[in-house]
Structure formats: structure tokens, C-alpha cells
Colleague: 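Pasting a structure here, questions to come.
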Amino acid sequence: MIPTEVLKEQAALAALKFVKNGDTIGLGTGSTVKYAIDGLGNNLKNGTLSDIKAISTSLSSEARAKDNKIPTTSFDETVKLDVYIDGADEVDQALRLIKGGGGALLREKIVAQNSALKIIIVDASKLSERVGEKWHLPVEVFPLALGAELNFLKSLDAVARVRTDDKGEPFITDNGNFIIDANFGRIHKARKMAKMLDARAGIAGHGLFIDLCDILIVAYPNGVMHIRKGEKETFKNLLDSVSPAQTF
Ligand code: 5RP
């Protein structure tokens with residue numbers, strides 16, 4: 001069995017071929033994308049890549065980009081990024097995503113929405129038929145609204161709780177907000193759900209990413225596969241071929 005870490009690295013490195021000299025890049029957050037950040041750094045160092053600039057979606061990715069000597073840019077000087085590379089917690093056959101396991105969902109969505117090519121890199125354990133099956137939905141909430149939005153999510157029949165850190169304290173995002181992890185089970189009407197959450201003033205952002213993945217790169221025990229939007233059959237075949245014993 002191939003360790004998950006190896007699969008994560010394979011998916012991340014496969015994304016690098018979509019990055020060209022001179023590109024501006026959105027760097028996601030998490031244990032998969034860190035391999036892509038290191039890979040970009042290596043390519044800069046060995047001269048196979050030049051002139052790139054990046055916007056990071058978290059303080060941790062920013063620090064990793066800095067360690068790799070990747071120059072930074074901002075939306076003040078770069079209106080549209082060329083490529084966004086990020087992981088995901090769950091991906092379904094319509095390439096809808098749940099993100100925010102690392103708490104960076106708001107910045108990730110801002111960067112994704114402002115990138116021309118959106119690449120999501122995962123190991124096969126992240127695939128599911130429908131989002132919500134395997135992962136709760138992270139919802140970032142302004143401090144003032146915490147109680148109200150917790151109540152709102154419960155009224156939608158979610159099992160919802162405030163995320164805590166290792167010390168049992170409320171987890172605070174890079175934006176100074178809280179996260180509520182809301183377990184809805186399978187989300188059947190993802191677009192409707194996203195609209196409902198978008199309409200709440202107390203919700204700063206949520207981890208439902210719809211139409212924000214152009215290419216899904218999946219590393220699985222027999223190789224690495226690229227899946228584009230609409231390739232539902234390919235997705236389904238891959239999902240069927242990866243038994244739970246192989247992915248967890
Ligand atoms: C962070 C994210 C990550 O992309 C997601 O949690 C996947 O992380 P990992 O690659 O560590 O499994 O959304 O907010």
C-alpha cells in the first residue's frame with residue numbers, strides 16, 4: 001500500500017507542469033499543497049522555472065513560500081492570477097469541493113475566484129459521490145455573530161460545533177474569526193445551500209466551493225489522473241476502483 005503522504009506529493013508535483021515562466025500563482029493551504037510550494041521552490045532553484053510571483057492563502061503557506069524564496073505579489077498589483085493550486089477535504093463527481101479543514105477557506109475562495117486556472121490536488125481518499133458524505137462543512141463566522149450563526153446552522157438540521165484548537169480553545173482564523181464545523185451529511189442541493197450561507201451577514205465565508213475547480217488531479221495507488229469538469233464517468237470509475245482499504 002502506498003502511504004498517503006506519497007500520494008499527496010505525487011498529486012502536488014503533477015500540478016507543477018501547469019505553471020509557466022512569468023506566471024502569478026495562488027498558493028493554497030494544507031499538507032498536500034505544501035509539496036507543490038516546495039516543488040515550485042525547487043524549480044526556481046534549479047532554473048527550470050523563473051519570474052513567478054505568488055499570493056498565499058494563509059500565514060503558514062506564506063511562510064513556506066518565503067522559505068522557498070518564492071516572490072510574492074498582491075491583488076493591488078495583480079488583478080487576476082494565472083494558476084491556483086490547492087488541496088481539498090472532499091471532492092464529488094461535479095467537482096464540487098468542501099474546503100477549510102485547515103481553516104483557510106475564506107482566503108482560499110478569494111484567491112480561487114480570482115485565478116484563471118484552478119487546479120485541485122488530492123489523494124483518492126478525498127473522493128466521494130456527493131459532498132458532505134465524508135466531511136463536515138466549515139463555516140467561518142464573525143465573532144459577534146457566533147451564537148446566532150450556530151443557531152442558524154442547527155436550524156438547518158446540521159450537527160454544528162465551534163472548532164477548537166489543540167488546547168481546547170476556540171480556533172481563530174487568520175482573519176480573526178471563528179469556525180463552525182457543520183455536519184449536514186450528504187449535501188443534496190449544494191448550490192442552494194451555498195446561496196443560503198452567502199446571504200447571512202454573520203457568515204464571513206464557507207467551505208462549499210462550486211465551479212471553482214477546472215482540473216482535479218488525483219493520486220491513487222495505480223497512478224495519477226487528471227479529471228476535468230463534466231468527466232463524471234471518469235470520476236465515477238476512479239471512485240469505484242479505489243476501495244476503502246486502499247485509500248484510508
Ligand atoms: C485548508 C484547506 C485544505 O486544502 C484542505 O483542508 C485539505 O488539506 P490537506 O491537503 O492537508 O488534506 O481547505 O483550509
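Atoms within each ligand, like the ligands themselves, are counted from 1 in listed order. FYI, the numbering just counts along the sequence from 1. Values reported hereafter were calculated over all heavy atoms of this structure, with side chains retained and with hydrogens, waters and symmetry mates removed.
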Colleague: Does Lys229 come within less than 4.0 Å of Asp214, counting only side-chain N to carboxylate O?
Modeller: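 Salt bridge between Lys229 and Asp214, a charged N being under 4.0 Å from a carboxylate O: no.
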Colleague: For atom 13 (O) of ligand 1, which candidate among Ser58, Gly100, Gly102, Ala12 provides the closest heavy atom?
Modeller: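 Ranked by closest heavy atom to atom 13 (O) of ligand 1, first place is Gly100.
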Colleague: Can you pull out every salt bridge (charged side-chain N to carboxylate O under 4.0 Å, His left out) where at least one residue sits in residues 78-102? Sequence neighbours excluded, please.
Modeller: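 Sorted result for residues 78-102: Asp86-Lys99, Asp92-Arg96, Lys99-Glu108.
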Colleague: Looking at CZ of Phe18 and CG of Asp23, how far apart are the two atoms once the value is rounded to the nearest 0.5 Å?
Modeller: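 Taking CZ in Phe18 and CG in Asp23, the distance rounds to 12.0 Å.
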Colleague: With a cut-off of 4.0 Å, which atoms of ligand 1 are near a heavy atom of Gly101?
Modeller: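 The list of qualifying atoms is 6 (O), 13 (O), 14 (O).
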Colleague: Quickly, which of Gln113, Lys118, Arg191 forms a side-chain hydrogen bond (donor to acceptor under 3.5 Å, both in side chains) with Asp211? Name it, please.
Modeller: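 Only one option passes, and that is Arg191.
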Colleague: Should Val33 be counted as touching ligand 1, given the test is an N or O pair under 3.5 Å?
Modeller: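 By distance alone, the answer is no.
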Colleague: Who gets closest to atom 1 (C) of ligand 1 by heavy atom: Lys99, Lys109, Glu108, Arg107?
Modeller: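 Checking each option, the heavy atom nearest atom 1 (C) of ligand 1 is found in Glu108.
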Colleague: Enter the distance from Asp174:CG to Glu62:CD here, rounded to the nearest 0.5 Å.
Modeller: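 Rounded to the nearest 0.5 Å, the CG-CD separation comes to 8.5 Å.
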Colleague: Among residues two or more places apart or on two chains, list those pairs meeting salt bridge (charged side-chain N to carboxylate O under 4.0 Å, His left out) that have a residue in residues 144-155.
Modeller: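 Found Glu149-Arg200.
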Colleague: Hey, what do you get for NE2 (His226) to CD1 (Ile121), rounding to the nearest 0.5 Å?
Modeller: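 It is 11.0 Å, given to the nearest 0.5 Å.
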Colleague: Is any side-chain heavy atom of Thr29 less than 4.5 Å from a side-chain heavy atom of Ser60?
Modeller: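 Result yes, sub-4.5 Å side-chain heavy-atom pair found.
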Colleague: Could you check which of Ala11, Gly103, Ser31, Gly87 puts a non-hydrogen atom nearest to atom 11 (O) of ligand 1?
Modeller: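 It is Ser31 whose heavy atom sits nearest to atom 11 (O) of ligand 1.
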Colleague: Provide, to 0.1 Å, the distance between atom 10 (O) of ligand 1 and the closest protein heavy atom, together with that atom's residue and name.
Modeller: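 In this structure, atom 10 (O) of ligand 1 has Thr32 OG1, 2.6 Å as its nearest protein heavy atom.
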Colleague: Looking only at heavy atoms, is any part of Val122 under 4.0 Å from ligand 1, and if so is it the side chain, the backbone, or both, or is it neither?
Modeller: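 It is neither part, as no heavy atom is under 4.0 Å.
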Colleague: Could you list which atoms of ligand 1 come closer than 4.0 Å to a heavy atom of Asp89?
Modeller: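 Heavy-atom distances to Asp89 below 4.0 Å select 5 (C), 6 (O), 7 (C), 13 (O).
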Colleague: Just which atoms of ligand 1 are under 4.0 Å from any heavy atom in Gly30?
Modeller: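 This gives 11 (O) as the contact atoms.
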Colleague: Within ligand 1, which atoms have a heavy atom of Asp86 less than 4.0 Å away?
Modeller: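 So the answer, numbered in order with elements, is 4 (O).
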Colleague: Rounded at 0.5 Å granularity, tell me how far CG in Leu117 sits from CG in Leu81.
Modeller: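 The distance works out to 11.5 Å.
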Colleague: How does Pro138 reach ligand 1, by side chain, by backbone, by both or by neither, if only non-hydrogen atoms under 4.0 Å count?
Modeller: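 No part of Pro138 is near ligand 1 at this cut-off.
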Colleague: With a 4.0 Å cut-off on heavy atoms, is Gly28 touching ligand 1?
Modeller: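 No, Gly28 has no heavy atoms under 4.0 Å from ligand 1.
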Colleague: Near Thr29, which atoms of ligand 1 are under 4.0 Å from a heavy atom of that residue?
Modeller: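 Heavy-atom distances to Thr29 below 4.0 Å select 1 (C), 2 (C), 3 (C), 4 (O).
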Colleague: Going by heavy atoms, is Lys126 under 4.0 Å from ligand 1?
Modeller: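 Yes, Lys126 has heavy atoms under 4.0 Å from ligand 1.
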